[in-house]
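Reading through the structure tokens given below for one structure.
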Amino acid sequence: MQDFDLVKMLSDTATAAEHEAKRAMEVCNACRYCEGFCAVFPAMTLHRHFTSGDLNHLANLCHSCQGCYYACQYAPPHEFGINVPKAMSELRLESYQEHAWPQPIAALYRRNAVVISSLTAVSIAGIFLLTAFFNGASLFAKHESIPGGGFYNVIPYQVMVTVASATFLYALLALTMSLVGFSRAIGLGFKTLCRPMPILRALRDAATLRYLGGGGDGCNDAGEAFSTTRRKFHHALAYGFGLCFAATSTGTIYDHVFGWKAPYGLFSLPVILGTVGGIAMVVGAIGLLWLKLSGDQAPRSETQLGPDVALLLLLLGIAATGLVLLAVRSTEVMGIALAVHLGTVLAFFLAMPYSKFIHGLFRLAALVRYHADRDASEAFVSRPTKTKR
Ligand code: SF4
Ligand code: SF4
């Protein structure tokens with residue numbers, strides 16, 4: 001638990017986003033009207049003063065449902081101008097940037113995430129196509145030696161596995177380094193991570209997208225009206241991604257354990273999982289893009305829009321190129337479609353540590369600290385007081 005009785009101040013190097021979040025939290029801490037809205041407000045009440053770590057913790061608990069903006073009597077045009085979703089969103093983006101690893105690559109993505117991701121996808125696809133060319137593969141021929149056409153006839157298995165493994169391991173390392181840095185910054189220590197209950201509760205909240213339900217009425221997706229649309233699109237995208245991952249894992253088991261080579265039949269498990277997951281991802285990504293670009297922009301941060309759109313476009317690209325590959329895998333363009341799909345998938349892995357994807361991990365860490373703080377606070381309140389005899 002944080003020592004919330006001690007006086008804590010923001011450092012001299014605090015950013016404008018930290019100062020604005022601190023100002024909003026101090027007003028909210030006096031008001032407390034939104035206490036039941038989400039995890040931010042109950043976590044806020046455990047502090048009388050806010051350090052940079054506390055504010056970053058609160059910012060990553062917020063998921064921009066916008067409910068507190070439309071409920072707030074101090075929101076613009078009130079002279080206090082309290083806009084919690086916008087303040088938290090800007091601070092969240094700073095926390096992603098501060099803890100991104102390594103910083104020079106993060107800076108590159110920061111400048112133009114969409115262009116860098118597109119160039120990466122095209123470059124990786126180009127590498128695969130050149131490899132196929134120099135390997136003597138006929139890119140525009142039907143690969144009929146294996147029913148449906150053989151992927152490894154175009155891009156050799158060793159090349160595919162080496163490039164994919166290197167990319168995946170790099171992404172895993174960069175994500176871990178970022179998560180460790182962020183966890184330290186918000187005071188999530190080793191001791192807390194050894195306690196199962198806060199972790200289990202945080203996983204439950206994350207898996208069910210609990211706070212996107214807005215207590216049953218939904219979020220303020222596009223304005224003052226409540227809606228569960230964002231939650232549904234978020235579920236479609238997240239579970240669609242999970243199904244596609246399951247499809248790839250199943251394919252790997254088929255290949256390595258049973259020796260069954262890809263591509264697989266239309267009614268095989270990897271294809272069914274991949275098709276359902278791909279369609280869900282397309283629906284979720286288009287829906288979230290539409291919600292982002294429409295509706296009231298007042299409670300949103302303009303600086304967060306670019307990284308959000310870049311990630312959604314990459315996810316849409318993965319799903320769309322995967323479905324196209326499935327549709328054309330018995331035709332002459334299978335080789336090109338395969339290279340483009342693999343390029344998009346690997347570009348996504350490389351962009352993961354510098355994109356909004358990191359929000360999933362930071363939010364999970366923030367939820368673990370939230371549940372640990374609450375447990376500690378309840379234990380503190382219910383502790384029997386010693387009386388002198
Ligand atoms: S957002 Fe506004 S209404 Fe809600 S707790 Fe803060 S000051 Fe009060
Ligand atoms: S925008 Fe939603 S999640 Fe964020 S602080 Fe307000 S009510 Fe909580």
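Note that ligands are numbered from 1 as they come in the structure, with each ligand's atoms numbered from 1 the same way. Nothing here was measured: the structure is a model prediction, and the numbers come from that model.
The nearest heavy-atom contact from the protein to atom 8 (Fe) of ligand 1 is Cys31 SG, 2.3 Å. Summary of contacts: the protein heavy atom closest to atom 6 (Fe) of ligand 1 is Cys28 SG, 2.3 Å. The protein heavy atom nearest to atom 3 (S) of ligand 1 is Gln73 OE1, 3.3 Å. In this structure, the protein non-hydrogen atom closest to atom 2 (Fe) of ligand 2 is Cys65 SG, 2.3 Å. The single protein non-hydrogen atom nearest to atom 4 (Fe) of ligand 2 is Cys62 SG, 2.4 Å, given as residue, atom name and distance.
Heavy-atom contacts of Tyr74 reach the following atoms of ligand 1: 7 (S) (cutoff under 4.0 Å). Those atoms of ligand 2 that come under 4.0 Å of a heavy atom in Val84, given as number and element, are 5 (S). The ligand atoms of ligand 2 that sit less than 4.0 angstrom from a heavy atom of Pro85 are 1 (S). Within ligand 1, counting atoms from 1 as listed, the ones closer than 4.0 Å to a heavy atom of Cys34 are 1 (S), 3 (S), 4 (Fe), 5 (S). Atoms of ligand 2 lying under 4.0 Å from at least one heavy atom of Cys68, given by number and element, are 1 (S), 5 (S), 6 (Fe), 7 (S).
Between His47 and Phe50, the angle of the ring planes lies from 30° to 60°, which puts this pair in the tilted group.
Residues Asp54 and Thr51 have side chains that bring a donor and an acceptor to within less than 3.5 angstrom of each other. Residues Thr45 and Glu35 bring no donor and acceptor atom of their side chains to less than 3.5 Å of each other. Inspection of the Tyr370 and Asp205 side chains reveals no N or O donor paired with an N or O acceptor under 3.5 Å. Using modelled atom types and a 3.5 Å distance limit, the side chains of Arg92 and Ser64 yield a donor-acceptor pair.
If you take OG1 on Thr250 and CG on Leu269, they are separated by 5.0 Å, rounding to the nearest 0.5 Å. Expressed to the nearest 0.5 Å, how far OH of Tyr96 lies from CG of Leu91 amounts to 10.0 Å. Note that the OG1 atom of Thr167 and the CZ atom of Phe348 stand 13.0 Å from one another [nearest 0.5 Å].
Contact analysis leaves Tyr69 out of contact with ligand 2, as no non-hydrogen atom separation drops below 4.0 angstrom. The shell of residues lying under 4.0 angstrom from ligand 2, judged by heavy atoms, includes Gln66.
At least one N, O or S atom of Cys72, from either the backbone or the side chain, sits less than 2.8 Å from atom 2 (Fe) of ligand 1. For a distance bound of 2.8 Å, the N, O or S atoms of Cys38 include none lying that close to atom 4 (Fe) of ligand 2.
The pair Glu18-Lys22 does not count as a salt bridge, with every side-chain nitrogen at least 4.0 angstrom from each carboxylate oxygen.
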